[in-house]
Trainee: 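Sending over a structure as structure tokens; questions will come in a sec.
Quick caveat, the model's predicted, so the values are computed rather than measured.
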Amino acid sequence: MADGSSFYITTPIFYVNDVPHIGHAYTEVAADVLARWNRQAGRDTWMLTGTDEHGQKILRTATANGVTPQEWADKLVAEAWKPLLDTIDVANDDFIRTTDERHEANVQRFLQKLYDDGHIYTGEYEGYYCVGCEEYKQQSELVDGEGEYAGQLVCAIHSKPVELLHEKNYFFRMSAFADRLLELYETRPDFVQPESARNEVVSFVRSGLADLSISRSTFDWGVKVPWDESHVVYVWFDALLNYITAVGYGQDDAEFARRWPAQHLVGKDILRFHAVIWPAMLMAAGLEVPRGVFGHGWLLVGGEKMSKSKLTGIAPEQITDTFGSDAFRYYFLSAIHFGQDGSFSWEDLAARYQAELANGFGNLASRVIAMIGRYCDGQVPSGEAGRTDADAAVAALEAEVTDAAWRAIERLHVHEAIAAAWRLVDALNGYLTEQEPWALAKDPAQRDRLEAVLATAYRGLGTLAVLLSPVLPKATGKLWTALGAPGTVQEQPIDRAHEWTPGSRVAALEPLFPRVEVAE
RNA sequence: GGGGCGGUAGCUCAGCCGGUCAGAGCAGUGGACUCAUAAUCCAUCGGUCACGGGUUCAAGUCCCGUCCGCCCUACCA
């Protein structure tokens, strides 16, 4: 079970040039559920998210829009990225921007230390640079252009011409850390999850690591290299450091010691930055490597990957406007095996909303609350006198799923945790059908049994409220109120969900997941 | 070119070291029930397990090849 230990979880910081789509929201929601769950289990929890605001692409976009890059970033943070967190009900503890003073100053501190310790050298770099990708491309990543770009080499991802750049750069001796990285993957097999992601990382590092160019001098929108202000720090090197600058690196040792190391959650497309470059940077600085890096899958829409670069995304509001934030959270975290790619479709979303949330959980809550209102005048019965083995079985299941869910969360298997809780939803619906409290209510002689059945259902419902509160914070909050239970549902120890304290009276409950009329 | 992953009921997916492995959920169909959001519960229809070979007493489950989708990673220019 949980102790008071620290749990620090991060999402990637969003590149402000993008428009939020459900892929971004998926990562956020996953991190948020893990954070809420750990927090509710008594761990000293911290969830960080934020924005990545430097780099040539943002400079160019801002210029094209006639504003400074800072103004551009401010606008997008205020109008797109922070609102996204509200849209999907994310309760992050902090939001870092790479333009924050606390970040920039300590990126410089970090870099200076690496420089002083001999991990950085001056070199010459020539290569094809894709502005869209913010990185130099290998020949294999380029294709011949078509149409207006015929005859030129273009980036395979962006289909835009690359530029041949030749610049003096500062290089990070990443190659020196290959052996230590391999040892890390070896001794901590769960450092990179899932297994498939780990295998790719290992084979990548085994094939040899090159040093990393970490500065740019062709533009100036970035953190200045402290010993050479004609250079700015490479945007990825800058961005990765947010995970430590946000928790006190360089300026609050106590806070840093309390939080670090973090569990990182990333899309598998940026796994390498987090599982190779980032640990190497930390090793060079003499800091602890992350607790782990989990690379989740992509959301497939119509069989195709949703793309950050191609802006083929679906906006989260399209879903939450109709189904609500709880349904958004539930759908993506339960329907998709966390770590694997998952198919999204409106049909599937609507079907699961209806079958699982409305008819399964929501209706269960309605019928139990309604029966206590009707048969017990709203008084929560103790039910002690009429218990049978059936009630003991439900109680045992509550304990079992509570335990199973928590074990799943500890392994970051969110979908398993939800599935465990859902076993209780199904069991309670079945229990009610078998026990037929509505029939018991017609016979005064069965009064004790009726109260026992309703008490058992009531208890089970409360356990569900606690267990599902990280995933369905809004609905379980309403349910908690209807149950008349003391305090808030978020205050209940989730690793002992089945031990919640019942209330004395139930209150009316509106449908938690109203039926949705679906177009098409 | 190498490496890896996937192709199982209409849909989304489980099936570890070969022997009730042909499954689950949803959808569909039939029935029961009425506390509840026309809900719930029970039963049931449904698959040549991508394709072709092979190993074996026995293969979605191992081997070889082919096709399709995807990921990682080279080389030549």
Trainee: For A/Leu357 and A/Gly360, take the nucleotide of RNA chain B holding the closest heavy atom to each; which residue's nucleotide lies nearer the 5' end?
Mentor: A/Leu357

Trainee: Anything under 30° is parallel, anything over 60° is perpendicular, the rest tilted; go ahead and classify A/Phe14 against A/His24.
Mentor: perpendicular

Trainee: Keeping A/Asn169 on the side-chain end and A/Gly123 on the backbone end, is there a donor-acceptor pair under 3.5 Å?
Mentor: no

Trainee: Syn or anti for B/G60, given that syn means the glycosidic angle lies within 90° of 0?
Mentor: syn

Trainee: Flag the pair A/Glu200 and A/Lys268 as a salt bridge only when some basic side-chain nitrogen lies within less than 4.0 angstrom of an acidic carboxylate oxygen.
Mentor: no

Trainee: Rounding to a whole Å, what distance do you find between A/His337:NE2 and B/A14:P?
Mentor: 7 Å

Trainee: Write down the distance separating the C1' atoms in B/A24 and B/G46, rounded off to the nearest Å.
Mentor: 14 Å

Trainee: Distance check, P atoms only: B/G54 and B/G19, in whole angstrom units.
Mentor: 22 Å

Trainee: CG of A/Asp348 versus C1' of B/A24: gap in Å, rounded?
Mentor: 15 Å

Trainee: Could you tell me how far apart A/Glu200 (CD) and B/A74 (C1') are, to the nearest whole angstrom?
Mentor: 15 Å

Trainee: Taking B/G3 as the reference, what is the distance to B/U8 when you measure between their P atoms (whole Å, please)?
Mentor: 25 Å

Trainee: Report the C-alpha separation of A/Gln435 and A/Arg449 in whole Å, then their side-chain angles, then the decisive distance to 0.1 Å, and conclude whether the side-chain hydrogen bond (donor to acceptor under 3.5 Å, both in side chains) test is met.
Mentor: CA-CA 9 Å; A/Gln435 302 301 323; A/Arg449 182 59 197 147; 2.8 Å; yes

Trainee: Base, sugar-phosphate, or nothing: which does A/Asn429 touch, judged by heavy atoms less than 4.0 Å apart?
Mentor: sugar-phosphate

Trainee: Can you measure A/Asp269 atom CG to B/C70 atom P for me and round it to whole angstrom units?
Mentor: 17 Å

Trainee: With heavy atoms under 4.0 Å as the rule, sort A/Leu364 into base, sugar-phosphate or nothing.
Mentor: nothing

Trainee: Expressed as a whole number of Å, how far does the P atom of B/C49 sit from that of B/G10?
Mentor: 13 Å

Trainee: Please work out the stems of RNA chain B from pairs that are Watson-Crick or G-U wobble with both distances under 3.5 Å, keeping only runs of three or more consecutive pairs.
Mentor: B:1-7 with B:67-73, B:10-13 with B:23-26, B:28-32 with B:40-44, B:50-54 with B:62-66

Trainee: Between B/G53 and B/G60, how far is it from one P atom to the other, in whole Å?
Mentor: 14 Å

Trainee: Could you work out the separation of B/C72 and B/U37 based on their P atoms and round it to a whole Å?
Mentor: 50 Å

Trainee: Provide, to the nearest angstrom, the distance between the CD atom belonging to A/Glu347 and the P atom belonging to B/C11.
Mentor: 13 Å

Trainee: Between A/Phe172 and A/Trp278, does the ring centre distance come in under 6.0 Å?
Mentor: no

Trainee: Show me the side-chain donor-acceptor pairs of residues 323-336 of chain A shorter than 3.5 Å, one per line, residues at least two apart or across chains.
Mentor:
residue: A/Ser325; atom: OG; partner: A/Lys474; partner atom: NZ; Å: 3.3
residue: A/Asp326; atom: OD1; partner: A/Lys474; partner atom: N; Å: 3.3
residue: A/Asp326; atom: OD2; partner: A/Lys474; partner atom: N; Å: 3.3
residue: A/Asp326; atom: OD2; partner: A/Ala475; partner atom: N; Å: 2.6
residue: A/Arg329; atom: NE; partner: A/Val471; partner atom: O; Å: 2.9
residue: A/Arg329; atom: NH1; partner: A/Asp32; partner atom: OD2; Å: 2.8
residue: A/Arg329; atom: NH1; partner: A/Ile88; partner atom: O; Å: 3.0
residue: A/Arg329; atom: NH1; partner: A/Asp89; partner atom: O; Å: 2.9
residue: A/Arg329; atom: NH2; partner: A/Asp32; partner atom: OD2; Å: 2.7
residue: A/Arg329; atom: NH2; partner: A/Pro470; partner atom: O; Å: 2.6
residue: A/Tyr330; atom: OH; partner: A/Glu356; partner atom: OE1; Å: 2.6
residue: A/Tyr331; atom: OH; partner: A/Asp348; partner atom: OD2; Å: 2.9
residue: A/Ser334; atom: OG; partner: A/Tyr330; partner atom: O; Å: 2.7

Trainee: Mind calculating the distance between CD (A/Glu434) and C1' (B/U40) to the nearest angstrom?
Mentor: 12 Å

Trainee: Can you tell me if the side-chain N/O atoms of A/Ser345 get under 4.0 Å from OP1 or OP2 in B/U12?
Mentor: no

Trainee: B/C26 P sits how many Å from A/Phe344 CZ, rounded?
Mentor: 20 Å

Trainee: Tell me if a side-chain donor or acceptor on A/His119 pairs with a main-chain N or O of A/Ala284 at a distance below 3.5 Å.
Mentor: yes

Trainee: B/G6 P sits how many Å from A/Trp298 CH2, rounded?
Mentor: 16 Å

Trainee: Would the distance check show the side chain of A/Gln492 and the main-chain N or O of A/Thr488 forming a donor-acceptor pair, the cut-off being under 3.5 Å?
Mentor: yes

Trainee: Tell me, please, which residues at least two apart from A/Glu183 pass salt bridge (Lys or Arg N to Asp or Glu O under 4.0 Å).
Mentor: none

Trainee: In whole angstrom, give me the gap between the C1' atoms of B/C16 and B/U12.
Mentor: 22 Å

Trainee: Base, sugar-phosphate or nothing for A/Gly362? Non-hydrogen atoms, less than 4.0 Å.
Mentor: base

Trainee: Name all residues meeting the ring-ring contact (aromatic ring centres under 6.0 Å, His included) criterion together with A/Tyr170; count only those two or more places apart in sequence or in a different chain, and write none if there are none.
Mentor: A/Trp227, A/His231

Trainee: Please list, chain by chain and in numerical order, all residues satisfying side-chain contact (heavy atoms from CB on, under 4.5 Å) with A/Thr481, sequence neighbours excluded.
Mentor: none

Trainee: Expressed in whole Å, how much space separates the P atoms belonging to B/G18 and B/A58?
Mentor: 15 Å

Trainee: What are the atom names and distances for every N/O pair under 3.5 Å that joins the protein to nucleotides 27-35 of chain B?
Mentor:
residue: B/C35; atom: O4'; partner: A/Tyr375; partner atom: OH; Å: 3.4
residue: B/C35; atom: O2; partner: A/Arg367; partner atom: NE; Å: 3.1
residue: B/C35; atom: N3; partner: A/Arg367; partner atom: NE; Å: 3.3
residue: B/C35; atom: N3; partner: A/Arg367; partner atom: NH2; Å: 2.6
residue: B/C35; atom: N4; partner: A/Arg367; partner atom: NH2; Å: 3.1

